[in-house]
> 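Before anything else, here's the structure in question.
Just so we're on the same page: letters track the sequence lines, and every chain starts at 1.
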Number of protein chains: 2
Amino acid sequence: MTAAEAPRRPKALETQARIFAAALELFRERGYEAATMRAIAERAGVALGNAYYYFRSKEHLIQAFYSRTHEEHLAAVRPRLDRLRDLKSRLLWVMQTKLETIEPYHRFAGIMFRSAADPTSPLNPFSPESDPVRREATTLFALVVDGARTRIPGDLRAELPNLLWLYHMGIVLFWIHDTSPDRRRTSRLMERSVEVIVKLIGIASLPFMLPVRRAALRLLAALRETD
Amino acid sequence: MTAAEAPRRPKALETQARIFAAALELFRERGYEAATMRAIAERAGVALGNAYYYFRSKEHLIQAFYSRTHEEHLAAVRPRLDRLRDLKSRLLWVMQTKLETIEPYHRFAGIMFRSAADPTSPLNPFSPESDPVRREATTLFALVVDGARTRIPGDLRAELPNLLWLYHMGIVLFWIHDTSPDRRRTSRLMERSVEVIVKLIGIASLPFMLPVRRAALRLLAALRETD
DNA sequence: GTCTATAACCGGATAGAC
DNA sequence: GTCTATCCGGTTATAGAC
């Protein structure tokens with residue numbers, strides 16, 4: 001729960017948790033817009049000003065939501081990941097649990113992603129504020145890759161966690177727009193894309209692909225250069 | 001200029017144009033947030049309510065902006081595209097002119113893309129409202145492909161305009177976040193990625209790549225299915 | 001440091017008169 | 001078509017209590 005300033009006293013901690021819980025409930029029940037700060041404060045049994053004391057803005061409430069769902073995702077992933085050995089089933093498992101974790105919030109996820117696309121917003125996945133969450137999420141994909149017995153050339157293997165994180169963001173983006181029952185379209189897309197990705201990794205690992213692979217990886221490196 | 005309802009009388013048309021022009025100016029001068037509807041109305045010399053008469057919301061003002069910049073882009077592309085023959089130089093030219101066209105609006109482009117990521121917003125590139133603009137933009141990339149003498153298998157060729165449109169959206173997304181002088185990072189990324197893309201098209205066109213190509217294309221088809 | 005209550009500001013959006 | 005008045009919700013400010 002990354003809030004404005006981490007509260008020290010247990011009572012404060014509880015108040016903050018109550019506000020956060022109220023926000024989550026209202027987001028679920030009414031969606032983002034309708035869950036006004038006034039309503040959140042009321043449900044949490046605090047004054048409006050107090051809600052702002054713990055969460056600098058409505059958006060900060062969402063940063064907290066990010067962390068929370070990531071933790072939930074981790075918890076859902078762990079019990080089974082170790083037993084899966086090949087890249088494909090590991091990636092499938094992680095993606096599947098991801099979709100299950102975020103499903104309850106589908107209704108307000110869209111409007112949440114409004115801010116996510118704004119470069120000046122702390123919610124932007126590339127913003128400094130999002131750094132910790134992004135790093136953690138990438139770590140999960142590193143785990144997926146490392147634990148797989150699939151053979152992958154070193155240069156690609158090093159970049160793969162970032163690429164998979166990006167891929168996973170793409171799936172989430174699709175999920176946001178998916179109104180099919182049980183989010184079936186997203187599931188199907190996810191399953192098929194995982195297959196294609198694993199196949200592509202196989203191909204990219206072939207010796208004669210070295211030049212293109214290098215060019216593509218250099219491209220990615222350039223993406224991260226600061227000037 | 002796709003507004004709320006197309007105004008019939010010349011006077012109305014002029015008023016609408018004046019509001020739109022004022023909006024564009026203020027977007028450039030102050031960015032999106034600071035360009036309040038009140039300020040836009042004032043600069044256009046109309047009442048606040050009147051601005052809303054022509055543009056249902058601030059976001060609709062941006063839909064109009066989309067159309068406008070696309071038209072400008074087309075105008076910039078045309079004089080030279082015919083003379084370029086291979087895919088790489090054609091694509092490079094189109095992307096380069098794109099970046100030049102949107103550059104003046106860099107400052108407010110970010111916040112513009114807030115709404116673009118919201119599935120309920122008319123600004124979302126996948127929304128019905130955006131359909132015309134997207135279709136037109138895709139047509140441009142179809143033109144890029146069709147006029148190139150590069151050999152491309154039919155299945156891939158049919159999908160390529162959509163893929164290139166998607167690619168171009170990615171570059172724009174990067175551009176939004178790019179604060180380097182003269183947007184140099186974006187230019188570099190664009191040039192390198194065009195090279196990689198053309199190389200990849202070459203590889204994907206090899207006979208033994210047929211199965212993976214098919215799988216990937218089927219994936220894209222699934223993306224568009226309505227169920 | 002934690003919290004309340006209340007009033008006010010600001011800008012997007014709407015209603016209804018002219 | 002155009003205006004004025006008003007609503008609504010995010011956000012801020014303030015002043016004070018525990």
Side-chain angles (χ1 to χ4, degrees), chain A residues 1 3-20 22-23 26-27 29-65 108 111-112 114-115 118 120-123, chain B residues 1 3-20 22-23 26-27 29-65 108 111-112 114-115 118 120-123:
Chain A
M1 193 144 25
E5 295 91 18
R8 319 258 160 235
R9 319 276 275 291
K11 189 186 169 195
L13 238 152
E14 206 243 281
T15 306
Q16 184 181 37
R18 224 168 53 237
I19 295 169
F20 182 56
L26 286 168
F27 285 158
E29 287 172 24
R30 310 188 188 171
Y32 184 75
E33 309 269 71
T36 68
M37 287 299 276
R38 285 166 176 86
I40 291 169
E42 190 184 358
R43 165 111 24 145
V46 301
L48 176 61
N50 201 12
Y52 275 98
Y53 177 78
Y54 284 108
F55 298 91
R56 264 204 279 283
S57 74
K58 207 174 172 183
E59 295 192 343
H60 280 82
L61 225 22
I62 292 182
Q63 271 288 356
F65 166 78
F108 88 96
I111 303 161
M112 188 176 80
R114 277 178 86 105
S115 319
D118 174 3
T120 68
S121 159
L123 289 189
Chain B
M1 191 144 26
E5 294 89 20
R8 322 260 160 231
R9 317 281 274 294
K11 187 189 169 195
L13 238 153
E14 206 244 280
T15 307
Q16 185 180 36
R18 225 169 52 237
I19 295 169
F20 182 57
L26 286 169
F27 284 158
E29 288 173 23
R30 310 188 189 171
Y32 183 75
E33 309 268 69
T36 68
M37 287 298 279
R38 283 166 175 84
I40 291 169
E42 190 184 358
R43 164 112 24 145
V46 301
L48 176 61
N50 201 13
Y52 276 100
Y53 176 78
Y54 284 106
F55 298 92
R56 262 204 278 284
S57 74
K58 205 173 172 185
E59 296 191 341
H60 280 80
L61 224 23
I62 292 182
Q63 272 287 357
F65 166 77
F108 88 97
I111 302 160
M112 188 177 80
R114 277 178 87 106
S115 320
D118 174 2
T120 68
S121 160
L123 289 188

> How long is the straight-line distance from OH of B/Y54 back to CZ of B/F20, given to the nearest 0.5 Å?
15.0 Å
> Would you please name every residue forming a salt bridge (charged side-chain N to carboxylate O under 4.0 Å, His left out) with B/R38, sequence neighbours left out?
none
> What's the separation between atom CZ in B/R56 and atom CG in B/L61, rounded to the nearest 0.5 Å?
13.0 Å
> Answer yes or no: does a side-chain N or O of B/N50 lie under 4.0 Å from OP1 or OP2 of D/dG1?
no
> Closer to the 5' end of DNA chain D via nearest nucleotide, is it A/G49 or A/R38?
A/R38
> Under 4.0 Å: is that the gap between some side-chain N or O of B/K58 and OP1 or OP2 of C/dG11?
no
> Taking atom C1' of C/dT4 as reference, at what distance in whole Å does atom CG of A/L48 sit?
11 Å
> Find the distance B/E42:CD to D/dT2:C1' and express it as a whole number of Å.
16 Å
> Let me know the distance between CD of B/E59 and C1' of C/dA13, rounded to the nearest Å.
12 Å
> For A/Y32 and D/dG9, what is the distance between atoms OH and P respectively, to the nearest whole Å?
14 Å
> May I have the distance from B/L61 (atom CG) to C/dG11 (atom P), rounded to whole angstrom?
16 Å
> A/A12 has a side chain; which of C/dT2, C/dT14, D/dT2 sits nearest to it?
C/dT2
> Between B/S57 and A/A47, who's closer to the 5' end of DNA chain C by nearest nucleotide?
A/A47
> According to a strict under-4.0 Å criterion, is B/Y53 in side-chain N/O contact with OP1 or OP2 of D/dT2?
no
> Please give, in whole Å, the distance from C/dG12 P to B/E33 CD?
8 Å
> Of the options C/dG11, C/dA13, C/dT2, whose atoms approach the side-chain atoms of B/T36 most closely?
C/dG11
> Please report, to 0.1 Å, the donor-acceptor pairs under 3.5 Å made by any side chain of residues 42-51 of chain B, with sequence neighbours excluded.
unit_1: B/R43; atom_1: NH1; unit_2: B/E25; atom_2: OE1; d: 2.7
unit_1: B/R43; atom_1: NH1; unit_2: B/E29; atom_2: OE2; d: 3.0
unit_1: B/R43; atom_1: NH2; unit_2: B/E29; atom_2: OE1; d: 3.2

> Going from CD1 on B/I40 to OH on B/Y52, what distance comes out if it is rounded to the nearest 0.5 angstrom?
8.5 Å
> What is the distance, rounded to the nearest whole Å, between atom OH of A/Y52 and atom P of C/dA5?
17 Å
> For D/dT2, does either OP1 or OP2 sit under 4.0 Å from a side-chain N or O belonging to B/T15?
yes
> Quickly work out the B/R18 CZ to D/dT2 C1' distance and round it to whole Å.
11 Å
